[in-house]
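Read through the structure below, which is laid out as structure tokens, and then see the notes.
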Amino acid sequence: MGVDLGTANTLVHVQGRGILLREPSVVAVDKLTNSVLEVGEEAKRMLGRTPGSIIATRPLKDGVIADFEQTERMLRYFIEKVHRRKTLVHPHVVVGIPSGITEVERRAVIEATKKAGAREVYLIEEPMAAAIGAGLPVTEPAGSMIVDIGGGTSEVAVISLGGIVASRSIRVAGDEIDEAIVSYVRQRFNLFIGDRTSEETKIAIGSAFPLEQELKIEVRGRDLVSGLPRACVLSSEEVREAINEPFMAIVDTVKGTLEDTPPELAADIMDFGITLAGGGALLRGLDRLMMRETGMPVHIAADPLSCVALGTGKCLDGVQNNPSLRKVLLTESRLGMA
């Protein structure tokens with residue numbers, strides 16, 4: 001199995017069968033019995049709507065495990081679900097992790113995956129997995145640049161000959177963009193909206209570059225003065241103003257990575273361009289903003305949401321059949337855990 005263990009969504013790729021699961025990384029737990037009530041899509045519907053006895057949480061924060069026990073429970077549920085609830089399943093698992101996390105955080109991923117039922121665990125850095133999933137020639141002696149904008153982290157990497165030559169990782173991504181919209185609406189309209197409303201607004205009218213035809217949406221929340229429910233109309237220009245700061249932070253990270261890149265590989269990137277992956281790549285006009293700011297050609301991957309999961313699946317095949325892909329995986333022995 002290949003697992004894209006994301007802050008916002010978890011995807012599971014099963015060898016020979018493709019991506020079988022794509023669900024939010026959310027767990028709902030009964031506080032009184034400490035039992036899991038729902039995982040994934042059903043649990044996400046409970047966010048912000050639960051009584052005091054139920055907690056709906058996202059066990060990953062900024063791309064890393066924030067709640068070890070709930071992450072283990074979530075992984076166990078997903079593993080059993082894709083294997084149609086066979087309890088005695090112990091698969092080999094490749095897990096995508098952010099490139100900027102610490103050794104302790106890497107070990108936490110391995111331990112949680114093992115406790116969830118994996119027989120053997122391999123790790124792969126998410127920008128490498130995204131590049132493989134996007135079909136970039138990562139094992140060739142040429143520079144490929146990937147920008148993976150997820151829920152908790154944005155990963156930028158230049159890859160050549162199966163290795164990451166230059167990379168940067170920042171904890172500014174989808175969650176921070178949602179928070180920027182919440183903050184803007186609070187300051188501009190004195191209205192407090194929830195995270196789900198913010199995410200829906202981003203998807204409906206969010207853009208990183210001026211649109212040919214600007215959009216509008218009505219958002220509902222709680223008036224900060226009266227405390228009563230109220231609605232206001234947001235335009236795509238206002239949302240663009242709200243999310244400009246986090247997107248410019250991502251653009252600056254891309255520029256910084258290009259500055260760290262050897263000149264020969266930078267010349268390759270001038271020819272082949274920058275590839276965008278992750279949910280953030282779906283935001284309208286992001287490719288045009290990146291093109292304007294860097295002067296490089298920018299392409300969006302064919303299936304940006306699935307790139308990391310597809311890459312983990314290809315690497316799982318590589319464990320058995322492709323030695324050139326095997327070296328991109330991090331094992332317990334390479335991490336000093338064996």
Side-chain angles (χ1 to χ4, degrees), residues 1-30 33-44 55-61 63-98 101 103-126 129 133 152 306 308-321 326 328-338:
M1 288 173 57
V3 178
D4 174 9
L5 188 60
T7 306
N9 297 288
T10 296
L11 284 76
V12 177
H13 182 286
V14 176
Q15 194 170 20
R17 296 165 67 191
I19 295 174
L20 298 186
L21 183 140
R22 186 195 306 263
E23 295 210 26
S25 303
V26 184
V27 181
V29 179
D30 188 321
T33 62
N34 197 32
S35 59
V36 174
L37 298 177
E38 295 289 350
V39 178
E41 194 65 53
E42 290 300 316
K44 185 178 181 181
I55 303 175
T57 61
R58 293 168 64 177
L60 290 107
K61 176 72 175 170
V64 298
I65 293 174
D67 188 325
F68 184 90
E69 183 182 356
Q70 303 309 343
T71 301
E72 178 202 326
R73 288 174 160 188
M74 183 178 74
L75 279 169
R76 185 184 299 278
Y77 172 85
F78 289 153
I79 288 171
E80 290 177 2
K81 185 172 183 178
V82 297
H83 287 96
R84 296 178 185 167
R85 304 202 178 276
K86 295 175 186 173
T87 52
L88 297 174
V89 172
H90 299 288
H92 294 271
V93 180
V94 178
V95 184
I97 56 167
I101 68 173
E103 290 297 314
V104 172
E105 290 165 340
R106 290 182 180 188
R107 293 177 187 211
V109 173
I110 290 177
E111 289 301 322
T113 310
K114 278 195 161 184
K115 286 194 172 184
R119 181 188 314 166
E120 194 166 356
V121 182
Y122 305 90
L123 301 182
I124 181 171
E125 293 180 323
E126 283 176 358
S306 304
V308 174
L310 291 170
T312 59
K314 289 181 181 179
C315 286
L316 198 58
D317 294 336
V319 170
Q320 299 169 339
N321 309 316
R326 199 174 303 164
V328 307
L329 297 173
L330 300 171
T331 60
E332 290 182 72
S333 58
R334 288 180 65 183
L335 290 169
M337 294 178 64

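Judged by distance alone, with hydrogens and angles left aside, the side-chain atoms of Glu23 form a donor-acceptor pair with the main-chain N or O of Glu41 at under 3.5 Å.
Between the CD atom in Glu125 and the CG atom in Leu123 there is a gap of 9.5 Å [rounded to 0.5 Å]. Atom CD of Glu120 is separated from atom NZ of Lys114 by 7.5 Å, given to the nearest 0.5 angstrom. Separation of atoms CD (Glu111) and OG1 (Thr71) is listed at 13.0 Å; rounding is to 0.5 Å. If you take CD on Gln70 and OH on Tyr77, they are separated by 14.5 Å, rounding to the nearest 0.5 Å. With rounding to the nearest 0.5 Å, the separation of CZ in Arg22 from OG in Ser306 is 3.5 Å.
A pairwise comparison of heavy atoms in Ala118 and Val93 identifies CB-CG2, 3.6 Å as the closest pair. Residues Ala108 and Ile65 share a closest heavy-atom pair of O-CD1, 3.6 Å. Contact record, Ala28 with Ala43: N-CB, 3.8 Å, taken as the closest heavy-atom pair. Across all non-hydrogen atoms, the minimal contact from His13 to Ala309 is CB-O, 3.6 Å. For the residue pair Ala66 and Lys61, the shortest heavy atom distance occurs at CB-CB, 3.9 Å. Residues Val26 and Arg58 approach most closely at CG2-CG, 3.8 Å, considering heavy atoms.
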Evaluate the side chain to side chain contact (heavy atoms under 4.5 Å, CB included) criterion for residues Leu37 and Asp30: first the C-alpha distance (whole Å), next the side-chain angles of each, then the deciding distance (0.1 Å), finally the verdict. CA-CA 7 Å; Leu37 298 177; Asp30 188 321; 4.1 Å; yes
Could you go through the salt bridge (Lys or Arg N to Asp or Glu O under 4.0 Å) check for Lys115 and Glu69 one step at a time? CA-CA 10 Å; Lys115 286 194 172 184; Glu69 183 182 356; over 6 Å; no
From CA spacing to verdict: side chain to side chain contact (heavy atoms under 4.5 Å, CB included), Leu11, Val308: CA-CA 9 Å; Leu11 284 76; Val308 174; over 6 Å; no
Could you give me the CA-CA distance, side-chain angles and deciding distance for Thr57 and Val29, then say whether side chain to side chain contact (heavy atoms under 4.5 Å, CB included) is met? CA-CA 8 Å; Thr57 61; Val29 179; 5.6 Å; no
Is there a side chain to side chain contact (heavy atoms under 4.5 Å, CB included) between Leu60 and Met74? Walk through the geometry before answering. CA-CA 11 Å; Leu60 290 107; Met74 183 178 74; 3.7 Å; yes
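Proximity of Arg106 to Ile97: side-chain heavy atoms (C-beta onward) are separated by under 4.5 Å at one or more points. Within the 4.5 Å cutoff, the side chain of Thr113 has heavy atoms near those of the Leu75 side chain. The shortest side-chain heavy-atom distance between Gln15 and Pro91 does not fall under the 4.5 Å cut-off. Side-chain contact check for Thr312 versus Ile124: some heavy-atom pair is nearer than 4.5 Å.
In this view, Glu42 and Arg45 satisfy the side chain to side chain donor-acceptor pair (under 3.5 Å) rule, not counting sequence neighbours.
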Please table the atom pairs, donor to acceptor, closer than 3.5 Å between any side-chain atom in residues 1-10 and protein atoms at least two apart or in another chain.
{"from": "Thr7", "atom 1": "OG1", "to": "Gly63", "atom 2": "N", "distance (Å)": "2.8"}
{"from": "Thr10", "atom 1": "OG1", "to": "Ser25", "atom 2": "OG", "distance (Å)": "2.7"}

